[in-house]
Amino acid sequence: MSVHITSPAFKENAKKALADAPLQSALSKVGPGFIGRRTAAAGLLPEFDALRDSARDIKNHTLAHLDLYLERYETKVRAAGGHVHFAVDAAEARDIVTDICRRLGAKTVTKGKSMVSEEIGLNDHLAACGIEPVETDLGEYLIQIRGEAPSHIIAPAIHLNKDQVEADFRRVHAHLPPERNLSEPTALLAEARGELRQRFLQADVGITGANFLVAETGTSIIVTNEGNGDLTQTLPKAHIVLASLEKLVPTLEDVSQLLRVLARSATGQEMSVYTTFSTGPRRPEDVDGPGEYHVVILDNGRSGMLAGQLREMLRCIRCGACMNHCPVYHAVGGHAYGWVYPGPMGAVLTPSIIGIEKGANLPNASTFCGRCEEVCPVRIPLPKLMRHWREKEFERHLTPAPQRFGLGVWSFFARRGWLYRPATRLAMWGLSRLGWRAGRFSTLPLAGGWTRHRDFPAPEGDTFQAQWHARKAKRGQE
Amino acid sequence: MSSPSEKRPPSVGLFVTCLVDTIRPGIGFAAAQLLAQAGCEVDVPRQTCCGQPAFNSGDRITTRALAEQTIAAFETFDYVVVPSGSCAGMIKTHYPELFVGEPDWMPRVARFCAKVHELMAFLVDVRGLRAVAARYDGTVTYHDSCSGLRELGVHDQPRLLLQSVEGLELREMADADVCCGFGGTFCVKYPDISGAIVEKKAANVIASGADTLLAGDLGCLMNMAGKLQRMGREVAVRHVAEVLAGTGTAPAIGMARREGGT
Ligand code: SF4
């Protein structure tokens with residue numbers, strides 16, 4: 001069992017998204033909000049670009065010595081009384097988590113925001129095992145009660161508007177007085193808080209993600225704006241950290257550098273509101289904390305990326321800036337991508353996890369405008385990595401047949417200039433004769449994709465090369 | 001505009017791009033004229049395409065063949081100038097990737113790529129052009145095409161030259177640096193998404209109140225012109241070189257040939 005994949009139906013998903021008025025109104029706020037705040041925050045820090053270089057270098061260094069740092073990290077976690085579990089794939093990770101829950105007789109688990117949990121389809125699995133998962137991040141809570149997946153890696157419910165949330169709260173919190181006023185966002189927040197408070201106290205196990213795992217100290221770190229992560233991990237009997245293996249960082253000093261670019265890139269904050277460091281279970285002298293501390297480190301295809309051309313993707317610190325700046329994401333939102341990770345980072349990461357056969361649309365659905373790479377805090381060359389997937393797709397003959405055929409015909413001519421020039425002259429002559437009166441075409445055979453949404457200009461007439469050489473000959477230079 | 005110390009004018013091979021060659025040769029002539037004004041000796045060797053459509057479709061073999069073809073045709077010139085940020089970016093920043101690990105090719109490709117420039121960047125940064133002798137009566141807004149902007153840093157150069165055009169008022173639109181949704185083959189592979197992106201661009205163009213939209217890439221221009229015309233908007237869409245060369249009176253992109261420009 002794993003999260004339902006609709007990436008092969010990306011085009012249909014996109015079409016639906018484009019026709020979804022509430023979604024479009026929610027998406028129209030993504031760009032202006034995030035982009036303006038990031039630009040302002042970056043502008044206030046003169047060394048921001050230098051910090052990005054250093055963030056890139058820290059991650060590159062870690063990836064180059066990942067085995068070493070994993071080992072050191074594990075030793076440190078053990079020394080602090082915690083446990084480290086390595087999971088090769090999603091199924092293994094789910095089993096590790098449910099085993100711990102069962103051993104502790106857990107009925108409910110509270111969860112902080114974790115994309116790895118989404119990646120391994122943990123909630124459905126826990127529910128199937130009779131354990132109730134309760135999302136405690138407000139955005140995650142919203143999509144959980146709606147039965148949806150996140151549409152953004154840091155703002156999971158960004159596709160929703162306030163009216164939808166109000167309707168869901170009235171539906172799900174049926175025990176509360178129906179006449180209550182929920183017109184203000186603060187009222188919604190207060191209601192969610194009230195509901196979640198009891199759940200925190202009931203929970204047997206708390207599961208969080210991790211933004212960083214620190215090899216030097218065996219610490220896991222999460223950054224949040226709601227503080228829900230703290231209650232999730234300190235109140236229950238056990239705290240389970242879910243993290244993919246690229247979350248590893250050598251030292252606390254490195255973390256402090258990465259934190260400086262993370263929040264600025266993500267939300268334009270200098271720092272997230274809460275940055276929580278967890279090292280091992282509760283010690284005798286601690287006033288609170290979990291009795292057990294487990295870290296599940298997920299591979300799920302990543303060690304393969306480490307050895308191949310997609311290694312740079314493992315620098316990702318999940319800030320979301322690439323999707324916040326992506327014109328395609330702005331147009332269709334996160335759900336259209338059809339799996340856990342949307343936007344440019346998803347277009348690179350998703351095919352390595354679900355396979356290029358299912359994920360091929362994602363790296364193709366990019367204009368290569370380059371804005372994602374321009375803002376990525378760890379300077380991942382996202383367009384280049386998407387192109388890598390297109391190459392793999394082409395090499396393996398997975399490119400859709402009409403596209404491959406079109407490319408084949410074009411390349412046949414383009415590689416033979418002596419054929420290309422007369423052929424284009426003839427074609428342009430024909431088109432310009434047909435279109436000279438209107439100056440453009442509103443429909444053209446074989447160009448339906450173009451003319452569905454815009455006109456196509458009629459060519460001026462003869463090709464530039466033919467005209468140039470005719471003029472040159474006239475001047476007697478040839 | 002050639003510097004006095006030069007003995008002979010530099011030779012420039014004009015790589016017009018396949019779109020300009022076939023759809024709007026006037027841009028090629030405008031570019032040649034501007035290059036001549038900047039003191040260059042211009043010629044147009046036989047050419048087809050830089051290979052970008054193949055490169056972005058994952059077809060490395062065709063890309064490589066077209067790269068070799070282009071290099072062979074242009075490497076004898078002092079400079080290679082391209083009236084498109086996207087094709088210039090393809091050659092200048094991506095050709096080297098195609099020859100990695102081939103010591104026979106790498107120095108030759110590096111020498112070649114160092115000579116390749118986008119037209120606006122070449123005129124201003126290499127030739128030191130600061131003004132042109134042209135007139136254009138209109139309010140124009142300028143769209144920054146993605147590759148030119150992000151791969152080659154083309155942003156200030158066209159604006160600087162436009163400011164010297166008599167009668168022209170430059171009015172910036174919102175999000176001038178956001179993609180227009182063309183994306184080469186993207187616009188036909190994902191027509192609905194491309195259509196939605198260009199719709200936002202067209203709205204920004206219209207909101208600027210400009211009567212003319214300029215950019216440095218014919219692909220983007222065709223996309224934006226086609227959308228504006230489908231929406232029934234009377235915005236004249238032209239390549240920036242046409243206005244700078246003083247040929248901005250020819251019918252705008254997608255406009256009828258006989259009746260003249262809007
Ligand atoms: S790819 Fe870069 S910009 Fe995108 S989420 Fe990862 S770190 Fe952030």
S.K.: Check whether Cys180(B) gets within reach of chain A through its side chain, its backbone, both or neither, counting any heavy atom under 4.5 Å.
M.R.: neither
S.K.: Decide side chain to side chain contact (heavy atoms under 4.5 Å, CB included) for Thr62(B) and Phe394(A); before the verdict, give the C-alpha distance in whole Å, the side-chain angles of both, and the deciding distance to 0.1 Å.
M.R.: CA-CA 12 Å; Thr62(B) 300; Phe394(A) 190 86; 6.0 Å; no
S.K.: Heavy-atom distance under 4.5 Å between the side chains of Trp418(A) and Arg46(B), does that happen here?
M.R.: no
S.K.: Heavy-atom pairs under 4.5 Å with chain A - which of Asp177(B), Val198(B), Val20(B), Asn223(B) has more of them than the others?
M.R.: Asn223(B)
S.K.: Answer with side chain, backbone, both or neither: which region of Ala54(B) has an atom nearer than 4.5 Å to a non-hydrogen atom of chain A?
M.R.: both
S.K.: Taking the side chain as everything from C-beta on, heavy atoms only, tell me whether Trp450(A) gets closer than 4.5 Å to Cys187(B).
M.R.: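 When only atoms from C-beta onward are counted, Cys187(B) and Trp450(A) do touch, with a gap below 4.5 Å.
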S.K.: Can you measure from OG1 (Thr424(A)) to CD1 (Ile23(B)) and round to the nearest 0.5 angstrom?
M.R.: 10.0 Å
S.K.: Where does Leu14(B) contact chain A at under 4.5 Å (heavy atoms): side chain, backbone, both or neither?
M.R.: side chain
S.K.: Using a strict 4.0 Å threshold on nitrogen-to-oxygen distance, state whether Lys472(A) and Asp43(B) make a salt bridge.
M.R.: yes
S.K.: Within the supplied structure, the quantity of interest is the number of heavy atoms (other residues, nucleotides, ligands) at a distance under 6.0 Å from Lys358(A) NZ; does it exceed 12?
M.R.: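 For Lys358(A), atom NZ is not crowded (no more than 12 foreign heavy atoms under 6.0 Å).
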S.K.: How many angstroms lie between CD1 in Ile61(B) and CZ in Arg415(A), if you round to the nearest 0.5 Å?
M.R.: 8.0 Å
S.K.: Give, as side chain, backbone, both or neither, the part of Leu66(B) having an atom under 4.5 angstrom from any heavy atom of chain A.
M.R.: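 It is the side chain, since no backbone atom gets that close.
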S.K.: Out of Leu149(B), Leu228(B), Thr48(B), return the one with the most heavy atom pairs under 4.5 angstrom to chain A.
M.R.: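 It is Thr48(B).
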S.K.: Look up atom OG1 in Thr22(B) and atom CG in Leu431(A), then write down how far apart they are to the nearest 0.5 Å.
M.R.: 9.5 Å
S.K.: Side chain, backbone, both or neither: which part of Val237(B) has a heavy atom under 4.5 Å from chain A?
M.R.: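 Neither part.
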S.K.: Using a cut-off of under 4.5 Å for heavy-atom pairs, which of Ala32(B), Gly181(B), Cys18(B), Ser57(B) has the most such pairs with chain A?
M.R.: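 The option with the most such pairs is Ser57(B).
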S.K.: Cut-off 3.5 Å, side chains only: do Asn364(A) and Tyr190(B) have a donor facing an acceptor?
M.R.: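 Result is no, nothing qualifies.
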S.K.: Whether the side chain of Lys15(A) engages the backbone of Ile193(B) through a donor-acceptor N/O pair (distance < 3.5 Å, no angle test) should be reported.
M.R.: no
S.K.: With a 4.5 Å cut-off on heavy-atom pairs, point out which of Ala196(B), Ala225(B), Ser194(B) contacts chain A the most.
M.R.: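 Top count of heavy-atom pairs under 4.5 Å with chain A: Ser194(B).
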S.K.: Taking all non-hydrogen atoms of both residues into account, name the closest pair between Cys179(B) and Pro327(A) and its distance.
M.R.: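 For Cys179(B) versus Pro327(A), the nearest heavy atoms are CB-CG, 4.0 Å.
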S.K.: Within the 4.5 Å heavy-atom criterion, are Phe464(A) and Ile27(B) side-chain neighbours or not?
M.R.: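 A side-chain contact is absent here, since even the closest heavy-atom pair is not under 4.5 Å.
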S.K.: Which region of Gln69(B), side chain (C-beta onward) or backbone (N, CA, C, O), has a non-hydrogen atom less than 4.5 Å from a non-hydrogen atom of chain A, or is it both or neither?
M.R.: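 Looking at Gln69(B), just its side chain touches chain A.
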S.K.: Chain B heavy atoms under 4.5 Å from His330(A): which part of the residue, side chain, backbone, both or neither?
M.R.: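 Looking at His330(A), backbone and side chain both touch chain B.
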S.K.: Chain B heavy atoms under 4.5 Å from Val328(A): which part of the residue, side chain, backbone, both or neither?
M.R.: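 Contact with chain B: backbone and side chain both.
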S.K.: Report which part of Ala202(B) has an atom under 4.5 Å of a heavy atom belonging to chain A: side chain, backbone, both, or neither.
M.R.: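 It is neither, since no heavy atom gets under 4.5 Å.
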S.K.: Using non-hydrogen atoms only, which part of Ser366(A) is less than 4.5 Å away from chain B: side chain, backbone, both, or neither?
M.R.: backbone
S.K.: Relative to chain A, which segment of Arg60(B) carries a heavy atom at a distance below 4.5 Å: side chain, backbone, both, or neither?
M.R.: side chain
S.K.: Answer with side chain, backbone, both or neither: which region of Arg404(A) has an atom nearer than 4.5 Å to a non-hydrogen atom of chain B?
M.R.: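 For Arg404(A), neither part sits under 4.5 Å from chain B.
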S.K.: Could you look at Thr63(B) and say if it's the side chain, the backbone, both or neither that has a heavy atom under 4.5 Å from chain A?
M.R.: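 Answer is neither: Thr63(B) stays 4.5 Å or more from chain A.
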S.K.: Name the member of Lys227(B), Lys189(B), Met231(B) that forms the most heavy-atom pairs with chain A at distances under 4.5 Å.
M.R.: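 Highest number of pairs under 4.5 Å: Lys189(B).
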S.K.: Less than 4.5 Å to any heavy atom of chain B: does that hold for the side chain of Gln403(A), its backbone, both, or neither?
M.R.: side chain
S.K.: With a 4.5 angstrom heavy-atom cut-off, could you sort out which part of Gln47(B) is near chain A: side chain, backbone, both or neither?
M.R.: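 For Gln47(B), heavy atoms of backbone and side chain both lie under 4.5 Å from chain A.
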S.K.: So how far is it from Arg454(A) CZ to Glu199(B) CD, rounded to the nearest 0.5 Å?
M.R.: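 Interatomic distance, Arg454(A) CZ to Glu199(B) CD, rounded to 0.5 Å: 11.0 Å.
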S.K.: Given a strict heavy-atom distance threshold of 4.5 Å, which part of Val44(B) is in contact with chain A: side chain, backbone, both, or neither?
M.R.: both
S.K.: Which bit of Asn361(A) is near chain B, if near means a heavy-atom gap under 4.5 Å: side chain, backbone, both or neither?
M.R.: both
S.K.: Are Phe186(B) and Phe368(A) an aromatic pair by the rule of ring centers under 6.0 Å?
M.R.: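 No, the ring of Phe186(B) stays outside the 6.0 Å limit from the ring of Phe368(A), centre to centre.
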S.K.: Is there side-chain contact between Met255(B) and Arg440(A), with at least one heavy-atom pair below 4.5 Å?
M.R.: yes
S.K.: Give, for atom OG1 of Thr185(B) and atom CG of Leu407(A), the distance between the pair rounded to the nearest 0.5 Å.
M.R.: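 These two atoms lie 8.0 Å from each other.
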S.K.: Need one label for Arg471(A): side chain, backbone, both or neither, based on atoms under 4.5 Å from any heavy atom in chain B.
M.R.: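 Arg471(A) touches chain B through side-chain heavy atoms alone.
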S.K.: Just by modelled atom types, is the Ser442(A) backbone N or O under 3.5 Å from a matching donor or acceptor in the Arg230(B) side chain?
M.R.: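 Answer holds: yes.
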S.K.: Does the side chain of Val178(B) reach to within under 4.5 Å of the side chain of His325(A), using non-hydrogen atoms?
M.R.: no
S.K.: Which one, Ser147(B), Pro45(B), Gly183(B), Gly184(B), leads in non-hydrogen pairs under 4.5 Å with chain A?
M.R.: Gly183(B)
S.K.: The test is side chain to side chain donor-acceptor pair (under 3.5 Å); show your working for Gln465(A) and Asp21(B) and say whether it passes.
M.R.: CA-CA 6 Å; Gln465(A) 292 189 69; Asp21(B) 185 35; 3.1 Å; yes
S.K.: Show the nearest heavy-atom pair for residues Trp410(A) and Pro53(B), with the distance to one decimal.
M.R.: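 Nearest pair, atom of Trp410(A) first, then Pro53(B): CZ2-CG, 3.8 Å.
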S.K.: What are the two closest heavy atoms between Pro25(B) and Glu460(A), and how far apart are they?
M.R.: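 Minimum heavy-atom separation between Pro25(B) and Glu460(A): CD-OE1, 3.0 Å.
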S.K.: What part of Ala365(A) is in contact with chain B, defined as an atom under 4.5 angstrom from a non-hydrogen atom: side chain, backbone, both or neither?
M.R.: both
S.K.: With a 4.5 Å cut-off on side-chain heavy atoms, are Asn56(B) and Arg387(A) touching?
M.R.: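 Sidechains of Asn56(B) and Arg387(A): in contact.
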S.K.: Is Arg452(A) reaching over with its side chain to a backbone N or O of Asp192(B), donor-acceptor style, under 3.5 angstrom?
M.R.: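 No, the answer is negative, given that no donor and acceptor are paired below the 3.5 Å cut-off.
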S.K.: Does a salt bridge link Arg390(A) with Asp59(B), judged by any charged N lying under 4.0 Å from a carboxylate O?
M.R.: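 Salt bridge: no.
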